[in-house]
Amino acid sequence: MPTKKGIDYLTQFTRYAFLYEDDREIYGAEKRFAPEQTLINDMSDCDDRAALFFYLVKEIYDLPMIALRYSTHVTLAAQFDKPIGQSNNFQVITTDKI
């Protein structure tokens, strides 16, 4: 299977193969699962899915990745040999008055 197709498959699998539930709703606090734990639990959150995705991509394709952490979400990006799709360039404007 070509790398892009494999990564697409793993992305879809880790996003949609498990029911989503925030750890605070289930356990009352954040609880991080190891990749194997995500596979055996009925529900998971984005941290658990990102850890599983990272593990699978690293084991199968050994691609470099970066974690993108937001206040209420985490996601991963994998680096391919060549760019895929179109890039988005943003100009960041900052001021001292924020």
Side-chain angles (χ1 to χ4, degrees):
M1 177 180 301
T3 301
K4 182 187 180 309
K5 190 171 184 176
I7 297 297
D8 287 344
Y9 178 85
L10 293 175
T11 299
Q12 296 300 313
F13 173 72
T14 55
R15 282 187 186 166
Y16 302 114
F18 313 97
L19 295 174
Y20 178 87
E21 188 66 53
D22 189 282
D23 288 340
R24 290 172 288 241
E25 297 294 322
I26 302 171
Y27 305 106
E30 180 64 34
K31 182 175 182 174
R32 300 246 164 82
F33 289 151
E36 298 85 358
Q37 290 173 299
T38 301
L39 292 171
I40 62 172
N41 280 290
D42 294 335
M43 297 182 186
S44 61
D45 65 6
C46 58
D47 296 346
D48 306 323
R49 295 169 187 203
L52 177 59
F53 179 80
F54 182 92
Y55 174 80
L56 292 171
V57 171
K58 202 67 171 158
E59 286 295 312
I60 297 168
Y61 297 102
D62 197 26
L63 294 176
M65 287 175 278
I66 186 170
L68 305 169
R69 180 84 176 149
Y70 303 94
S71 60
T72 60
H73 185 63
V74 65
T75 192
L76 293 171
Q79 180 181 355
F80 292 92
D81 292 334
K82 295 185 281 186
I84 296 173
Q86 296 178 335
S87 63
N88 294 313
N89 296 315
F90 298 95
Q91 181 180 7
V92 177
I93 300 171
T94 60
T95 70
D96 294 331
K97 297 180 182 182
I98 293 180

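Quick note: numbers below take in every heavy atom, side chains included, and nothing from hydrogens, waters or symmetry partners.
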inquiry  = Is there a side-chain contact (heavy atoms from CB on, under 4.5 Å) between Phe53 and Thr75? Walk through the geometry before answering.
reply    = CA-CA 9 Å; Phe53 179 80; Thr75 192; over 6 Å; no
Is there a side-chain contact between [X] and [Y], using heavy atoms and a 4.5 Å cut-off?
{"X": "Leu19", "Y": "Asp42", "answer": "no"}
{"X": "Leu63", "Y": "Gln79", "answer": "no"}
{"X": "Leu39", "Y": "Phe18", "answer": "yes"}

ask   = Under 4.0 Å between a Lys/Arg side-chain N and an Asp/Glu carboxylate O for Arg32 and Asp47?
value =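 Yes, this pair counts.
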Minimum heavy-atom separation for [X] to [Y], with atom names?
{"X": "Ala67", "Y": "Leu76", "value": "CA-CD2, 3.5 Å"}
{"X": "Tyr20", "Y": "Cys46", "value": "CE1-N, 3.6 Å"}
{"X": "Pro35", "Y": "Ala51", "value": "CG-O, 3.8 Å"}

ask   = Between Gln12, Lys4, Lys5, which is the residue that forms a side chain to side chain donor-acceptor pair (under 3.5 Å) with Asp8?
value =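 That would be Lys4; it is the only one of Gln12, Lys4, Lys5 passing the side chain to side chain donor-acceptor pair (under 3.5 Å) with Asp8.
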inquiry  = Can you confirm whether more than 12 heavy atoms, excluding those of Tyr70, are under 6.0 Å from its OH atom?
reply    =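 It does not: Tyr70 OH has 12 such atoms or fewer within range.
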inquiry  = Would you say that more than 12 heavy atoms from the other residues, nucleotides or ligands in this model lie under 6.0 Å from the CD1 of Ile66, or not?
reply    =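 No, because the 6.0 Å sphere around CD1 of Ile66 holds 12 heavy atoms or fewer from other groups.
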query = For Phe33, does its backbone N or O pair with a side-chain atom of Asp48 as donor and acceptor, under 3.5 Å?
reply =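 It does hold such a pair.
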inquiry  = For Asp22, is there any backbone N or O sitting under 3.5 Å from a side-chain donor or acceptor partner on Glu25?
reply    =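 Judged by distance alone, no pair lies under 3.5 Å.
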ask   = Going through the checks in order, is the salt bridge (charged side-chain N to carboxylate O under 4.0 Å, His left out) test met by Asp45 and Arg49?
value = CA-CA 6 Å; Asp45 65 6; Arg49 295 169 187 203; over 6 Å; no
